[in-house]
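Only one structure is covered here, and it is reproduced in the block below.
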Amino acid sequence: MAAISPNQVVTITYDLSVTDENQEKVLVESAEADAPMVFIYGQSGLPEEFERQLDGKNAGDAFQFSLTPEQAYGEYDEQALVEIPKDVFMIDGKLDEEMLQEGNFLPMADNEGNHMQAKVISIGETAVQMDFNHPLAGMVMHFDGKVADVRPATAEELAHGHVHGEGGHQH
């Protein structure tokens, strides 16, 4: 039986809770058996400490751990609130009002072509306020879950950097 280690395909189920302003745990996400999280250990893009907490576990093992903002997505950064001219969101001279709604996450790219997600905070007359913080920035995250499966990644999965097949990417 393979234990979780680099280049293993890991399938987990979990509940993710965050600590709110009243220091209460609030459930924000669940990965259930019918839609588990599947990733290549060491190539997931997940916080290093998240992977480290799973290191060495086997299929069937339960886990429970918390990550501080420093171990995960960092503190909330007020500098990541940015005003973007409204004309940036024009397509063929028209504003896409369905896309541009408060609360929506939009794919964006910076001047170097780096892709990221940003949340629409407010829409003004000439500008849109966008939040480029990770949605979980500044939050303590609590994971409670189980390892469903561990298997070696195929050469193709390692070359592509993602899981293929069930729970993974379909080409």
Side-chain angles (χ1 to χ4, degrees), residues 4 10-57 60-89 95-150 161-163 167-168:
I4 295 176
V10 179
T11 303
I12 61 173
T13 57
Y14 64 88
D15 287 335
L16 167 60
S17 300
V18 296
T19 305
D20 69 9
E21 57 278 353
N22 299 320
Q23 301 308 305
E24 302 281 329
K25 285 185 182 178
V26 178
L27 181 68
V28 294
E29 181 179 283
S30 288
E32 305 291 338
D34 61 342
M37 175 190 263
V38 182
F39 61 95
I40 299 175
Y41 186 94
Q43 294 188 27
S44 68
L46 295 164
E48 283 182 37
E49 183 63 16
F50 177 89
E51 287 194 345
R52 196 184 74 65
Q53 290 289 334
L54 297 174
D55 193 47
K57 296 200 179 315
D61 288 352
F63 59 86
Q64 190 171 33
F65 59 87
S66 297
L67 299 180
T68 65
E70 295 77 24
Q71 294 170 318
Y73 297 106
E75 293 295 340
Y76 187 85
D77 181 6
E78 294 291 335
Q79 300 293 318
L81 292 173
V82 179
E83 295 277 328
I84 297 179
K86 216 172 186 176
D87 61 8
V88 167
F89 301 96
L95 194 62
D96 185 341
E97 304 215 8
E98 194 171 304
M99 170 190 72
L100 198 60
Q101 293 186 21
E102 289 180 16
N104 278 1
F105 284 87
L106 303 179
M108 304 288 288
D110 64 15
N111 295 338
E112 286 87 50
N114 298 311
H115 294 276
M116 59 199 86
Q117 293 277 318
K119 182 178 181 181
V120 177
I121 300 300
S122 63
I123 304 162
E125 285 295 314
T126 60
V128 177
Q129 186 177 42
M130 304 288 291
D131 185 348
F132 285 88
N133 282 292
H134 187 281
L136 295 169
M139 297 184 188
V140 175
M141 301 187 307
H142 310 279
F143 292 90
D144 187 358
K146 188 172 185 178
V147 178
D149 189 43
V150 181
H162 57 252
V163 179

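Bear in mind the structure is a predicted one, so any value in this text is a computation, not a measurement.
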Got a list of side-chain donor-acceptor pairs under 3.5 Å for residues 71-78, not counting sequence neighbours?
{"unit_1": "Gln71", "atom_1": "OE1", "unit_2": "Thr68", "atom_2": "N", "d": "2.9"}
{"unit_1": "Gln71", "atom_1": "OE1", "unit_2": "Thr68", "atom_2": "OG1", "d": "3.4"}
{"unit_1": "Tyr76", "atom_1": "OH", "unit_2": "Asp131", "atom_2": "OD2", "d": "2.6"}
{"unit_1": "Asp77", "atom_1": "OD1", "unit_2": "Gln79", "atom_2": "N", "d": "2.8"}

Stepwise, does the side-chain contact (heavy atoms from CB on, under 4.5 Å) test hold for Met99 with Phe89?
CA-CA 9 Å; Met99 170 190 72; Phe89 301 96; 4.2 Å; yes
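- Residues Glu49 and Gln53 approach most closely at OE2-NE2, 2.8 Å, considering heavy atoms.
- Between Val147 and Lys57, the shortest heavy-atom distance links the atoms CG2-CB, 4.0 Å.
- Under the ring-ring contact (aromatic ring centres under 6.0 Å, His included) criterion, Phe143 pairs with Tyr14, Phe50, Phe65, not counting sequence neighbours.
- Once rounded to the nearest 0.5 Å, the distance linking NZ of Lys119 with CZ of Phe132 reads 13.5 Å.
- Smallest separation of non-hydrogen atoms from Gly138 and Pro69: C-CG, 3.6 Å.
- Contacts of Asp55 classified as side chain to side chain donor-acceptor pair (under 3.5 Å), with partners at least two apart in sequence or in another chain: Tyr41.
- Met37 contributes atom CE, which lies 9.0 Å from atom CG of Leu16 (distance to the nearest 0.5 angstrom).
- Around CD of Glu48, the count of heavy atoms belonging to other residues, nucleotides or ligands within 6.0 Å does not exceed 12.
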Begin from the C-alpha positions of Met130 and Val120 and carry the test side-chain contact (heavy atoms from CB on, under 4.5 Å) through to its verdict.
CA-CA 5 Å; Met130 304 288 291; Val120 177; 3.8 Å; yes
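- Side-chain contact check for Met139 versus Val28: every heavy-atom pair is 4.5 Å or farther apart.
- Minimum interatomic distance between His142 and Ser66 (heavy atoms only, all atoms of both residues): ND1-OG, 2.6 Å.
- If you take CD1 on Ile84 and OG1 on Thr126, they are separated by 12.5 Å, rounding to the nearest 0.5 Å.
- Atom CG of Leu67 sits about 10.0 Å away from atom CG of Leu136, to the nearest 0.5 Å.
- With a 4.5 Å cut-off on side-chain heavy atoms, Leu27 and Ser17 count as touching.
- What you find for Ile12 and Phe39 is that their closest heavy atoms are CD1-CE2, 4.1 Å.
- For the atom pair Ser122 OG and Glu83 CD, the distance stands at 6.0 Å (nearest 0.5 Å).
- Counted within 6.0 Å of CG on Asn111, heavy atoms from surrounding residues, nucleotides or ligands total 12 or fewer; the atom is thus considered open.
- The number of heavy-atom neighbours closer than 6.0 Å to NZ of Lys86, taken from other residues, nucleotides and ligands shown, is above 12.
- By the 4.5 Å heavy-atom criterion applied to side chains, Leu54 and Asp61 are not counted as neighbours.
- Around CD of Glu70, the count of heavy atoms belonging to other residues, nucleotides or ligands within 6.0 Å exceeds 12.
- Note that CD of Glu24 is 9.5 Å distant from OG1 of Thr19, once rounded to the nearest 0.5 Å.
- For Met116 against Asn114, the heavy-atom pair with the smallest separation is CE-O, 3.3 Å.
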